[in-house]
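All ligand and atom numbering here is 1-based and tracks the order in the structure. Being a predicted model, the structure only gives us computed values, none of them experimental. Position 1 is the first residue of the sequence; numbering continues from there.
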Amino acid sequence: MIDTLGYAATSADAPLAPFSFTRREPGPTDVRIDIMYCGVCHSDLHTARSEWPGTVYPCVPGHEIIGRVAATGTKAKGFKVGDVVGVGCMVDSCQQCASCADGLEQYCERGMTGTYNSPDKHTNGVTYGGYSKDIVVDQKFVLRISDKLDPAAAAPLLCAGITTWSPLRHWKVGKGSKVGVVGLGGLGHMAIKLAHALGAHVVLFTTSPSKKADALALGADEVVISKDADAMTARANTLDYIINTVAAPHNLDPFIAILKRDGVMTLVGAPAEPHPSPNVFGLIMGRRSVTGSLIGGIAETQEMLDFCAEHGITSEVEVIPMQKIDEAYERMLKSDVKYRFVIDMKSLSKSA
Ligand code: NAP
Ligand code: ZN
């Protein structure tokens, strides 16, 4: 066993605090990674504070991991010591079901193993995530990171990037598509960058008028303040596709009305409480659909990372020390994040 250090939540309302635990010794197909940076996803907050059911304490969040390979198992031939690599939201899946065979391990029919707060078959406990010094992961779930990408700014690609890329690709967003992005946070700002790079015309819907200039600079063609009912009504029947990243329950009807006939809105935001049920007529009248999407498979994550390296796309980040995590969570709740917090793991040693 390898002794390590992380930051853990010990209850729904306790601040995160230093936590000593162990990682397994790398098995034949494993890679041991020294973590350099870990992004802060709103899902970390939902889990640490028990907003979703099922948090097991102590809980070490973090699933936007960038680090350097420190050791490899004898059969982990895909990686060598010193490589910069990434780990996202999953560290295992059954590799046998139809979804795994299709490269969509996130929909593993036996349940994928999340990077944190999932049953861990190696320890019989739960998995501990990236708010830690190091991690041991099977090579199948380790991603290659191009040296063209800044490692801190690349970390959020591992969740915010793939969670927006996967539905954009699935729904064939490209040149000529008119796409809405709802919410300008971690996921939303990546959705703007990726949809823009895919050639779409992008309209951002935000509750924060102060974010307008940033949205345009990130690649949005237009910005609509979603609290302005007249501005929303004026857009009726104009968009092919909407990706909704909002982390809180809200009325979906004004967005559904903005879809053209056969338009699709994908919900990726996962609020703790349900959205009010949409009015059925909004769906019937234009044969419109509301869908959902969960992160993305490993192959498409690598495809997204390679696309980002080729197009010079990374996240807009504010790098913080580990000790500021609770402050970062509070700021995230106030939509005061531009546009992703990333923890510099060097700071963790100061907690030892
Ligand atoms: P975030 O950085 O906090 O961004 C969420 C944005 O939603 C905010 O910046 C804000 O944008 C908007 N918003 C927040 N509260 C709102 C409210 N009450 N009404 C209207 N808009 C509000 O969070 P994130 O990390 O991007 O994550 C977003 C959600 O996606 C979370 O629920 C997270 O758990 C979920 N998620 C899902 C997946 C998946 O696989 N489906 C993966 C990762 C994360 P404006 O200021 O622009 O309005
Ligand atoms: Zn996430």
For [atom], what is the nearest protein heavy atom, given as residue, atom name and distance?
{"atom": "atom 29 (C) of ligand 1", "answer": "Thr245 O, 3.4 Å"}
{"atom": "atom 26 (O) of ligand 1", "answer": "Leu187 N, 2.8 Å"}
{"atom": "atom 11 (O) of ligand 1", "answer": "Leu184 N, 3.2 Å"}
{"atom": "atom 4 (O) of ligand 1", "answer": "Gly185 CA, 3.4 Å"}
{"atom": "atom 3 (O) of ligand 1", "answer": "His42 ND1, 2.7 Å"}
{"atom": "atom 14 (C) of ligand 1", "answer": "Ser335 OG, 3.9 Å"}
{"atom": "atom 37 (C) of ligand 1", "answer": "Val268 O, 2.9 Å"}
{"atom": "atom 30 (O) of ligand 1", "answer": "Gly269 CA, 3.3 Å"}

Can you tell me if [X] contacts ligand 1 (heavy atom of the residue under 4.0 Å from the ligand)?
{"X": "Lys211", "value": "yes"}
{"X": "Phe341", "value": "no"}
{"X": "Ala270", "value": "yes"}

Minimal non-hydrogen separation, Leu168 against Ala191, with atom names: CD1-O, 4.1 Å
Is [X] salt-bridged to [Y], going by a charged N under 4.0 Å from an acidic O?
{"X": "Lys140", "Y": "Glu105", "answer": "no"}
{"X": "Arg169", "Y": "Glu303", "answer": "yes"}
{"X": "Arg288", "Y": "Asp262", "answer": "no"}

For ligand 1, does Thr207 get within less than 4.0 Å through its side chain, its backbone, both, or neither, judged by non-hydrogen atoms?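 The answer is both, backbone and side chain.
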Please indicate whether any nitrogen or oxygen in [X] is less than 3.5 Å from any nitrogen or oxygen in ligand 1.
{"X": "Gly186", "answer": "yes"}
{"X": "Ser43", "answer": "yes"}
{"X": "Ala248", "answer": "no"}
{"X": "Leu294", "answer": "no"}

May I ask you to list the atoms of ligand 1 that are less than 4.0 angstrom from any heavy atom of [X]?
{"X": "Arg340", "value": "24 (P), 25 (O)"}
{"X": "Ala247", "value": "7 (O), 29 (C), 31 (C), 32 (O)"}
{"X": "Thr206", "value": "45 (P), 46 (O), 47 (O), 48 (O)"}
{"X": "Trp52", "value": "34 (O)"}
{"X": "Ser293", "value": "39 (C), 40 (O), 41 (N)"}
{"X": "Val246", "value": "7 (O), 13 (N), 16 (C), 20 (C), 21 (N), 22 (C)"}
{"X": "Ser208", "value": "45 (P), 46 (O)"}
{"X": "Gly183", "value": "11 (O), 47 (O)"}

Test Asp34 against Arg32 for salt bridge (Lys or Arg N to Asp or Glu O under 4.0 Å), laying out the working first. CA-CA 7 Å; Asp34 284 337; Arg32 181 161 76 79; 3.7 Å; yes
Going by chain and residue number, what protein N/O/S atoms come nearer than 2.8 Å to the Zn ion (ligand 2)?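 Within the sphere that stays under 2.8 Å of the Zn ion (ligand 2), the protein atoms of type N, O or S are Cys41 SG, His63 NE2, Cys159 SG.
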Is a side-chain N or O of Trp165 found less than 3.5 angstrom from the main chain of Ala195, in a donor-acceptor match?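 Such a contact is absent between Trp165 side chain and Ala195 backbone.
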Please step through salt bridge (Lys or Arg N to Asp or Glu O under 4.0 Å) for the pair Asp30 and Arg24, ending with a clear verdict. CA-CA 10 Å; Asp30 283 338; Arg24 66 179 184 269; 2.9 Å; yes
Pairing donors with acceptors under 3.5 angstrom, does anything connect the side chains of Asp120 and Thr127?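 Note: Asp120 and Thr127 side chains miss the donor-acceptor criterion.
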Does either side chain, that of Ser118 or that of Thr113, offer a donor lying less than 3.5 Å from an acceptor on the other one?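 No, no side-chain donor-acceptor contact under 3.5 Å.
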Out of Lys227, Lys338, Lys212, His46, whose heavy atom is nearest to atom 32 (O) of ligand 1? His46
Check: of Val337, Leu204, Ile295, min heavy-atom distance to atom 40 (O) of ligand 1 comes from Ile295
Is the distance from the ring center of Phe19 to that of Tyr7 below 6.0 Å? no
Test item: His189 and Lys338 side chains (from C-beta on) under 4.5 Å apart, heavy atoms: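 Answer no - side chains too far apart.
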